[in-house]
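In what follows, chains carry the letters A, B, and so on, assigned in the order in which the sequence lines appear, proteins first and then strands, with residues in each chain numbered from 1.
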Amino acid sequence: MALQVYNTLTNKKEEVVPVTPGKITMYLCGPTVYDYFHIGNARPFIVYDIFRRYLKYRGYDVKFVMNVTDIDDKIITKAIKEAVPASEVAGKYTNAFFEDLEKLGVEPADEYPKATENINEIIALIERLIDKGLAYQIEGDVYYSVAKFSGYGKLSGKNIEELKSGARIEIDARKKNPLDFSLWKAAKPGEPAWDSPWGKGRPGWHIECSVMSMKYLGETIDIHAGGSDLVFPHHENEIAQSEGASGKPFVKYWMHNGFLNIEGEKMSKSLGNFFTARDIMKKYHASVIRMFFLQKHYKSPVSFSEDRILESQNALERIITAMQNIDIVLKDIDFEDNDDQKVVEQIAGLKSEFLKNMDDDFNTAGAMSNIFDLVKEANHILSKTSLLREDYITLKEIRAIIEEFDSFLGILSYKEEMHTSVSEDSLISILLDVREQLRKEKLWNLSDEIRDKLANLGVEIKDYPDKTIWMKKIKS
RNA sequence: GGCGGCGUAGCCAAGUGGCUAAGGCGGAGGUCUGCAAAAUCUCUAUUCAUCGGUUCGACUCCGAUCGCCGCCUCCA
């Protein structure tokens with residue numbers, strides 16, 4: 001089955017046919033850097049990271065761009081509050097953004113263009129829109145005239161007349177239409193500003209994504225993604241700007257992820273009901289957070305709570321433990337590398353189920369169940385008293401395939417990074433050596449005391465016939 | 001009011017017009033183990049919000065009702 005994606009533009013699942021065969025251009029609306037991002041903001045960063053890597057795994061040449069909005073009302077407000085330059089606020093949280101992304105195991109985008117580094121291009125696009133009669137200038141501000149763009153509303157399914165009658169739209173008497181949005185904002189005293197044909201000012205929020213998408217990926221791109229709250233007005237406005245200027249379709253497939261709710265409400269900065277990703281990661285491994293999102297469909301709303309995260313942690317440990325157990329069994333086995341045809345076919349069947357789910361609008365929740373099918377098969381073999389040659393081959397295959405999938409899932413690092421501190425590692429290994437001696441002498445009281453005390457410190461021990469392994473674990 | 005989405009076991013969560021409705025977490029019991037942990041085996045939805053309709057047949061399609069959420073204002 002070919003790769004299918006739910007397209008917000010058509011409200012249907014569609015087969016992905018790239019603009020250029022074999023290549024995928026993908027744009028994700030990035031952060032406004034005025035604060036640390038929260039765990040809800042992390043969702044698109046993680047899920048589209050997984051999708052992008054999956055597309056690469058499937059053989060597409062993927063070019064992925066995410067913008068950084070580094071000039072904006074919120075940044076200015078924060079800068080005033082903290083009595084520092086806006087650029088300092090932006091700089092600080094841009095750095096934090098990259099740090100957190102890396103910790104989340106997100107592969108760097110091909111480009112991270114910043115608004116302030118594309119002012120000339122932004123001005124050029126606004127001029128183009130003015131020339132085409134789609135935008136107009138008032139006292140140093142420039143507005144987009146939505147009535148001039150016939151496709152306005154096609155993404156969000158809204159029409160201009162209905163929107164106009166909506167009570168929540170702020171009326172600015174200078175605008176031709178209340179829905180007209182700003183492309184360029186005249187500078188107020190003390191605000192950061194750039195020279196432009198309309199005087200000193202700064203770009204509106206929507207224009208930068210149009211500029212950067214077209215600049216780095218072309219006038220028509222394959223996938224443009226973001227949270228579902230961006231459908232209107234942000235993405236609607238991007239279409240108006242981009243298609244208004246280029247006359248070409250802006251995006252083939254619009255993808256929108258669902259929200260993270262907390263106690264039934266959307267997690268958001270303005271509601272104040274949020275946890276920053278960096279705080280969550282102090283307590284839970286990034287792989288656990290990825291697992292949490294992987295177990296849900298990206299379009300569904302998700303409730304956040306520590307219980308849910310813990311559930312994901314336990315589920316992830318089932319996979320990790322199986323991988324460790326396979327390693328222990330396979331470690332001393334030397335078998336010639338000739339594959340068993342029956343095994344290969346069986347595993348290929350399980351593999352194709354997984355890929356089928358991923359191809360179906362990135363059904364990661366379904367795909368994860370296929371991973372657990374593999375885990376179950378491996379555990380089943382591991383529990384047998386004596387293993388046949390084909391058992392070893394099956395284990396080897398299962399291990400390889402899960403590792404292969406992890407090239408885009410990014411969850412197996414849980415194991416490795418639970419052992420980060422060298423000094424801690426060596427101390428524990430000494431304790432375990434001692435305990436091993438005690439166990440040989442059947443001094444169970446002492447050996448159990450070591451185990452229990454380590455457990456109190458969050459170091460969990462598992463005894464196997466020929467070795468003992470340990471990992472750090474957070475208990476609820 | 002308009003637009004979009006959702007309601008599947010104790011919890012999380014896939015899914016299909018028709019064989020036994022995935023998987024995970026949690027729970028119960030048995031096995032294994034010095035004890036733990038891990039693992040394994042068995043059990044944990046005669047039923048998919050409610051009510052109608054279409055159909056030989058629907059949880060899956062259509063309509064209505066109830067409930068929940070998002071967007072319509074900055075927002076992932």
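A:F372 comes within 4.0 angstrom of the backbone, heavy atoms only, and of no base. Contact annotation for A:K74: base contact, defined as any heavy-atom pair under 4.0 Å involving a base atom. Nucleic acid contact for A:G226: sugar-phosphate only, since backbone atoms but no base atoms lie under 4.0 Å from a heavy atom of the residue. Across all strands shown, A:L260 has heavy atoms under 4.0 Å from base atoms, whether or not it also approaches the sugar-phosphate.
For the pair A:K78 and A:Y34, the cation does not sit on the ring face, since its NZ or CZ is not both under 6.0 Å from the ring centre and inside 45° of the axis.
Taking atom C1' on both nucleotides, B:C68 is separated from B:A49 by 11 Å, rounded to a whole Å. Rounded to the nearest Å, the gap between the C1' atom of B:G53 and that of B:G1 is 29 Å. Nucleotides B:C11 and B:A45, compared at atom P, are 13 Å apart to the nearest Å.
Between A:F149 and A:Y144, the two ring planes are perpendicular [angle over 60°; tilted spans 30° to 60°]. In this structure, A:W254 and A:H224 have tilted ring planes: the angle between them lies in the 30° to 60° band.
Not a single donor-acceptor pair, N or O on each side, falls under 3.5 Å between the base of B:C75 and the side chain of A:K269. One can find a donor-acceptor pair under 3.5 Å joining the base of B:C75 and the side-chain atoms of A:K266.
Taking a pair as Watson-Crick or G-U wobble with both distances under 3.5 Å, RNA chain B forms stems of 3 or more consecutive pairs at B:1-7 with B:66-72, B:10-12 with B:23-25, B:26-31 with B:39-44, B:49-53 with B:61-65.
For the pair A:R451 and A:D448, the salt-bridge criterion is met [side-chain N within less than 4.0 Å of a carboxylate O].
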With the sugar-phosphate defined as primed atoms, P, OP1 and OP2, and the base as all remaining atoms, what B/S/- string results for nucleotides 37-44 of chain B, 5' to 3', for protein heavy atoms under 4.0 Å? BSSSS---
Letter per nucleotide, 5' to 3', of nucleotides 10-17 of chain B [B base touched, S only sugar-phosphate touched, - untouched; heavy atoms, 4.0 Å]: -BSSSS--
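Between B:G4 and A:K158, no contact under 4.0 Å exists linking OP1 or OP2 to a side-chain N or O. When the side-chain nitrogen and oxygen atoms of A:N314 are compared with OP1 and OP2 of B:G26, one or more of them lie within a distance under 4.0 Å.
Stacking of A:W444 onto the six-membered ring of B:G34 is present: less than 5.5 angstrom between centres, less than 30° between planes.
In the set B:C72, B:A76, B:G70, the nucleotide with an atom closest to the side chain of A:S228 is B:G70.
Taking a 6.0 Å sphere around CZ of A:F275, one finds it holds 12 or fewer heavy atoms contributed by other residues, nucleotides or ligands.
When each of A:L230 and A:D448 is assigned the nucleotide of RNA chain B bearing its nearest heavy atom, the one mapping closer to the 5' terminus is A:D448.
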